[in-house]
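All values derive from a computational prediction rather than experimental measurement.
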Amino acid sequence: MRILVINPGSTSTKVSVFDSLENLFTESVFHDAPDLLIFPTTNDQLEMRKNVVLSLLEKHDVPLSSIDVFAGRGGCAYSQKEGVMEIDDRLFSDTRDDKGGSDHPAKLGVMIAYIFAKETGRKAYTVNPTNVDEYLDVARITGIKGVYRRAQSHVLNQKGIARLHAREKGLRYEDLNLIVAHIDGGITVSAHRKGRMIDGTEGAGGEGAFTPTRIGSIPAMEIARFLETHKPEEVEAMCSRSGGFVSHFDTSSADKVYHMAENGDAHARLVWDAMKYQVIKSIGSMAAVLEGKVDQILLTGGLMRFKDIEKTIKSAVSWIAPVSTYIGEVEQEEMASEILKVISGEKEANTYTGSPVFSSFSWDKIS
């Protein structure tokens, strides 16, 4: 069973081919912000990202016709429950049209997988997209009636790392309270209580720590003042594509910014330290959500390759709970293994309903 796994992120396109669970290859292509910002919208990146996938298949001598099933990281459709979901016409169109109210490059995984599946007559699936919603109702409320926080995070890697950690300890994910921080081109931090992500930061929506490409949390009045001289579309882009390092340094390359900081650039050093500081704040807030009953804090994502990030965060939060680091992601392996469980009959795939997990409360319907 040959599986093509397509994983577009805010700064890269990662591609893997598995023969059952044997990884034939995994390769990631980095996209710096200036190269992506020439595209007005994420959807406009579709052809470019698809060609990246095809070129990597050609490089590794894997014909598209040899693929038995396609897997694409997903998001941007209506919110969904945890698990594997077959990509059908409705999921494709709702993903393309951002029915869930967000615009994240992960959506292109669903779209490319669907296109390849249609071309070859095979099936396509997505696993734990960015908009899996398991939030507590109390976590949804804001200070504006009818405006609610959305569940939007790195669900695929966070749950994958949480399950990996549990297996390594001989425990069950469903029995643990965990804080998981995904730290890469995007950063999200979430609280996991007994196998459910009950709260977290919506990185692509302008919440939590700023990142190489995102603005993070900014006081509402500062955004209002910014909008006096900028278009709303600019702010929307800065939430997911042109904020953070891109705004400060015109690059989304963490390596470039880190080397600037190490070489004495005071601006780069302060921005780099501030990013770490804001991750620490997010972890602290999730500890409060879990009422201090935290079994482990898990640090994961590509930026964990920088040892100073690990050292700074561990020093600041280890009083809450023990800290474990998992450099990189397990997203490719998680998609392949979960889809194989569906194909073998061990699990059932979810059906996309075309309706969100949450849309409103009863009082919103009262005129």
Side-chain angles (χ1 to χ4, degrees), residues 3-10 13-15 31 36 38-54 64 67-135 148 150-156 186 202-205 232-233 236-237 239-241 331 334-335 338-339 342-343 348-360:
I3 304 173
L4 171 62
V5 178
I6 305 161
N7 185 350
S10 57
T13 302
K14 182 180 285 189
V15 177
H31 309 296
L36 294 182
I38 64 173
F39 299 99
T41 70
T42 301
N43 284 347
D44 293 320
Q45 299 177 24
L46 178 62
E47 197 65 23
M48 180 275 288
R49 299 267 195 163
K50 187 176 78 169
N51 288 334
V52 169
V53 177
L54 291 172
L64 192 67
I67 302 299
D68 297 302
V69 63
F70 298 93
R73 186 179 172 210
C76 303
Y78 288 119
S79 57
Q80 301 163 35
K81 62 181 182 179
E82 179 189 19
V84 180
M85 184 171 294
E86 185 172 352
I87 304 170
D88 58 16
D89 295 349
R90 176 185 281 185
L91 179 56
F92 172 82
S93 60
D94 282 2
T95 298
R96 178 196 60 207
D97 297 339
D98 297 328
K99 291 292 188 179
S102 65
D103 182 29
H104 188 282
K107 67 187 290 190
L108 298 171
V110 159
M111 295 168 70
I112 296 169
Y114 174 85
I115 290 169
F116 287 161
K118 296 290 280 188
E119 290 177 358
T120 59
R122 308 292 164 77
K123 287 191 173 184
Y125 297 90
T126 189
V127 181
N128 285 343
T130 60
N131 54 352
V132 167
D133 187 349
E134 299 177 317
Y135 273 14
Y148 301 113
R150 294 177 301 181
Q152 185 78 23
S153 64
H154 298 89
V155 183
L156 179 62
E202 186 192 346
E233 293 81 4
E236 184 176 353
C239 283
S240 60
R241 298 194 295 142
E331 293 173 338
E334 188 76 0
M335 281 195 273
E338 290 300 300
I339 287 169
V342 168
I343 293 170
E348 288 189 10
N350 300 329
T351 299
Y352 179 65
T353 64
S355 299
V357 171
F358 166 84
S359 59
S360 61

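Between F70 and Y114, every side-chain heavy-atom pair lies at or beyond the 4.5 Å cut-off. In this structure, V357 and N131 have side chains that are not in contact, with every pair of non-hydrogen atoms separated by 4.5 Å or more. The side-chain heavy atoms of V342 and E338, taken from C-beta on, include no pair separated by under 4.5 Å. Counting only heavy atoms from C-beta outward, the side chains of L4 and V15 approach each other to under 4.5 Å. The shortest side-chain heavy-atom distance between L91 and T126 falls under the 4.5 Å cut-off. Using a 4.5 Å cut-off on side-chain heavy atoms (C-beta onward), I112 and R49 make contact. Side chains of M111 and N43 form a contact here, defined as non-hydrogen atoms less than 4.5 Å apart. Between T42 and H104 the shortest side-chain heavy-atom distance does not fall below 4.5 Å.
Closest of all the heavy-atom pairs between L36 and S10 is CD1-O, 3.5 Å. Residues M335 and N7 share a closest heavy-atom pair of CE-CB, 4.3 Å. G9 and P105 make their closest contact through O-CB, 3.5 Å (heavy atoms, listed as atom of the first residue, atom of the second, distance). Shown here for A117 and K123, the closest heavy-atom pair between the two residues is CB-C, 4.1 Å. Of all non-hydrogen atoms in V110 and G74, the two that sit nearest each other are CG2-CA, 3.5 Å. Closest non-hydrogen pair, F358 versus S79, comes out as N-OG, 3.9 Å.
Each of R73, E202, Q152, K107 was checked for a side chain to side chain donor-acceptor pair (under 3.5 Å) with T130, and the lone residue meeting it is Q152.
Annotation: the span from I6 atom CD1 to K50 atom NZ amounts to 10.5 Å, rounded to 0.5 Å. If you take CZ on R241 and CD on E236, they are separated by 8.5 Å, rounding to the nearest 0.5 Å. With rounding to the nearest 0.5 Å, the separation of CE in M85 from OH in Y125 is 12.0 Å. One distance of note links CZ of F39 with CD of Q45; it measures 6.0 Å at 0.5 Å rounding. Considering OG1 of T95 and CD1 of I87, their distance stands at 7.5 Å, rounded to 0.5 Å.
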Stepwise side-chain contact (heavy atoms from CB on, under 4.5 Å) test for M48 and N51:
CA-CA 5 Å; M48 180 275 288; N51 288 334; 5.8 Å; no
How far apart are the C-alpha atoms of E82 and V132, what are their side-chain angles, what is the distance that settles it, and do they pass the side-chain contact (heavy atoms from CB on, under 4.5 Å) test?
CA-CA 6 Å; E82 179 189 19; V132 167; 4.3 Å; yes
The test is side-chain contact (heavy atoms from CB on, under 4.5 Å); show your working for V127 and I339 and say whether it passes.
CA-CA 8 Å; V127 181; I339 287 169; 3.8 Å; yes
Please report the C-alpha distance between T120 and L64 in whole Å, then the side-chain angles of each, then the deciding distance to 0.1 Å, and finally whether the side-chain contact (heavy atoms from CB on, under 4.5 Å) criterion is met.
CA-CA 8 Å; T120 59; L64 192 67; 4.2 Å; yes
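For E86, the CD atom is densely surrounded, since the number of other residues' heavy atoms within 6.0 Å is greater than 12.
No donor-acceptor pair closer than 3.5 Å links the side chain of D97 to the backbone N or O of K99. Side chain of D133 to backbone of R150: no donor-acceptor contact under 3.5 angstrom is found. In this structure, D44 contributes its side chain and T41 its backbone to a donor-acceptor pair below 3.5 Å. Although no hydrogens or angles enter the test, the distance criterion places no donor-acceptor pair under 3.5 Å between the side chain of S359 and the main chain of P356.
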